[in-house]
Participant: 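Structure incoming, see below.
Just so it is clear: chains get the letters A, B, ... in the order the sequence lines come, proteins before strands, and each one is counted from 1. This structure is a prediction, so every number in the text was calculated from the model and none was measured.
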Amino acid sequence: MSLIPYSNVASYGQIADLAGLPNRARMVSKALKSSNIEALPWHRVVNSQGKISIAPSDPNFRLQLSLLREEGVELKGSRVNLTKHRWQPSLDTLLFELNF
DNA sequence: TCAATGACGTATC
DNA sequence: CGATACGCCATTG
């Protein structure tokens, strides 16, 4: 997921699928909270509704908002415009995931 | 061990 | 839209 492009967003499930782990979105979320931000574009990750899945009380919530706005992502409150910013994995990416 | 718990997703109602 | 229900499974206590 370190390959989610600038100004794009992907959902937890989408990432899980790409990693070859269907229906395992929760694992991705765990990976994000535990695997502390090691130069990972965690802020480009939202749920399938395009909504930010962090508690608004959490400091990171604000951070994610600003980071996204900074990248020019359209936000309606805490919701991103998926139709416009959803990441579409390139063929190269897919092949890469399939070990080709 | 076992039950509860998630930065989740899809399907219904 | 909001509320519920159920699937998934590593981590926690």
Side-chain angles (χ1 to χ4, degrees):
Chain A
M1 74 177 111
S2 48
L3 32 84
I4 303 177
Y6 182 93
S7 194
N8 279 69
V9 296
S11 71
Y12 297 83
Q14 192 181 354
I15 294 174
D17 288 353
L18 246 96
L21 304 171
N23 308 320
R24 237 136 297 185
R26 294 194 107 115
M27 303 292 98
V28 175
S29 67
K30 269 165 52 58
L32 287 188
K33 69 177 170 191
S34 60
S35 192
N36 267 344
I37 314 146
E38 308 260 342
L40 291 176
W42 60 275
H43 60 278
R44 314 242 177 86
V45 186
V46 295
N47 64 29
S48 67
Q49 305 170 60
K51 213 167 30 173
I52 289 181
S53 294
I54 306 179
S57 55
D58 189 304
N60 287 320
F61 178 78
R62 295 192 155 217
L63 179 55
Q64 178 161 23
L65 280 173
S66 44
L67 286 174
L68 288 175
R69 267 199 299 269
E70 207 175 323
E71 301 193 352
V73 175
E74 293 182 25
L75 295 169
K76 308 172 177 176
S78 61
R79 199 158 291 123
V80 314
N81 187 328
L82 280 183
T83 62
K84 209 172 175 109
H85 298 286
R86 184 191 267 307
W87 173 43
Q88 308 235 292
S90 66
L91 179 57
D92 280 357
T93 303
L94 292 174
L95 292 178
F96 176 73
E97 291 298 330
L98 292 174
N99 283 295
F100 273 130

Participant: Using modelled atom types and a 3.5 Å cut-off, is there a donor and acceptor pairing between side-chain atoms of Ser66(A) and backbone atoms of Leu63(A)?
Facilitator: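 Between the backbone of Leu63(A) and the side chain of Ser66(A) there is a qualifying donor-acceptor contact (under 3.5 Å).
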Participant: Is it true that a side-chain atom of Ser7(A) and a backbone atom of Glu71(A) form a donor plus acceptor pair closer than 3.5 Å?
Facilitator: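 Yes; judged by distance alone, with no hydrogens or angles, the pair exists.
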Participant: For Arg24(A) and dA7(B), what is the distance between atoms CZ and P respectively, to the nearest whole Å?
Facilitator: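 Taking atom P of dA7(B) as the reference, CZ of Arg24(A) is at 19 Å.
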Participant: Look at Lys33(A) and dA7(B) and indicate whether a side-chain polar atom (N or O) is within less than 4.0 Å of OP1 or OP2.
Facilitator: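 For dA7(B), OP1 or OP2 has a side-chain N or O of Lys33(A) closer than 4.0 Å.
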Participant: Do side-chain atoms of Arg44(A) reach the backbone of Trp42(A) as a donor and acceptor pair under 3.5 angstrom?
Facilitator: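 No, because the side chain of Arg44(A) does not come within donor-acceptor range (under 3.5 Å) of the backbone of Trp42(A).
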Participant: Base, sugar-phosphate, or nothing for Ser34(A), non-hydrogen atoms under 4.0 angstrom?
Facilitator: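 The residue Ser34(A) makes no contact with any strand.
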Participant: Can you measure from CG (Asn47(A)) to OG (Ser53(A)) and round to the nearest 0.5 angstrom?
Facilitator: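 Here the interatomic distance stands at 3.5 Å.
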Participant: First and last nucleotide of DNA chain C in contact with chain A, 5' to 3', at under 4.0 Å to a heavy atom: what are they?
Facilitator: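 With heavy atoms of chain A under 4.0 Å away, the range is dG7(C) to dT11(C).
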Participant: For nucleotides dA4(B) and dA5(C), find the distance between their P atoms and express it as a whole number of Å.
Facilitator: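 My reading of the P atoms in dA4(B) and dA5(C) gives 16 Å.
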Participant: With side chains defined as the heavy atoms from C-beta onward, is the minimum distance between Pro89(A) and Trp87(A) less than 4.5 Å?
Facilitator: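 Pro89(A) vs Trp87(A): side chains touch.
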Participant: Side-chain contact test, heavy atoms from C-beta onward, threshold under 4.5 Å: evaluate it for Val73(A) versus Leu67(A) and give yes or no.
Facilitator: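 Val73(A) vs Leu67(A): side chains apart.
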Participant: On DNA chain B, nearest-nucleotide positions of Asn47(A) versus Lys30(A): which is more 5'?
Facilitator: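 First, find each residue's nearest nucleotide; the 5'-ward one identifies Lys30(A).
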Participant: Can you list, by residue number, the residues of residues 48-63 of chain A that have a non-hydrogen atom closer than 4.0 angstrom to DNA chain B?
Facilitator: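 Close to the strand are Ser48(A), Ser53(A), Ile54(A).
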Participant: Starting from the 5' end of DNA chain C, give me the residue, Met27(A) or Arg79(A), whose nearest nucleotide shows up first.
Facilitator: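 Looking at DNA chain C, the more 5' nearest nucleotide goes with Arg79(A).
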Participant: Yes or no on side-chain contact (heavy atoms from CB on, under 4.5 Å) for Leu68(A) and His85(A), after CA distance, side-chain angles and deciding distance?
Facilitator: CA-CA 11 Å; Leu68(A) 288 175; His85(A) 298 286; over 6 Å; no
Participant: Under 3.5 Å, is there a donor-acceptor pair between the side chain of Glu74(A) and the main chain of Asn81(A)?
Facilitator: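 A pair under 3.5 Å: no.
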Participant: Measure OH/Tyr12(A) against P/dA7(B) and give the value in whole Å, please.
Facilitator: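 Nearest whole value for this atom pair: 9 Å.
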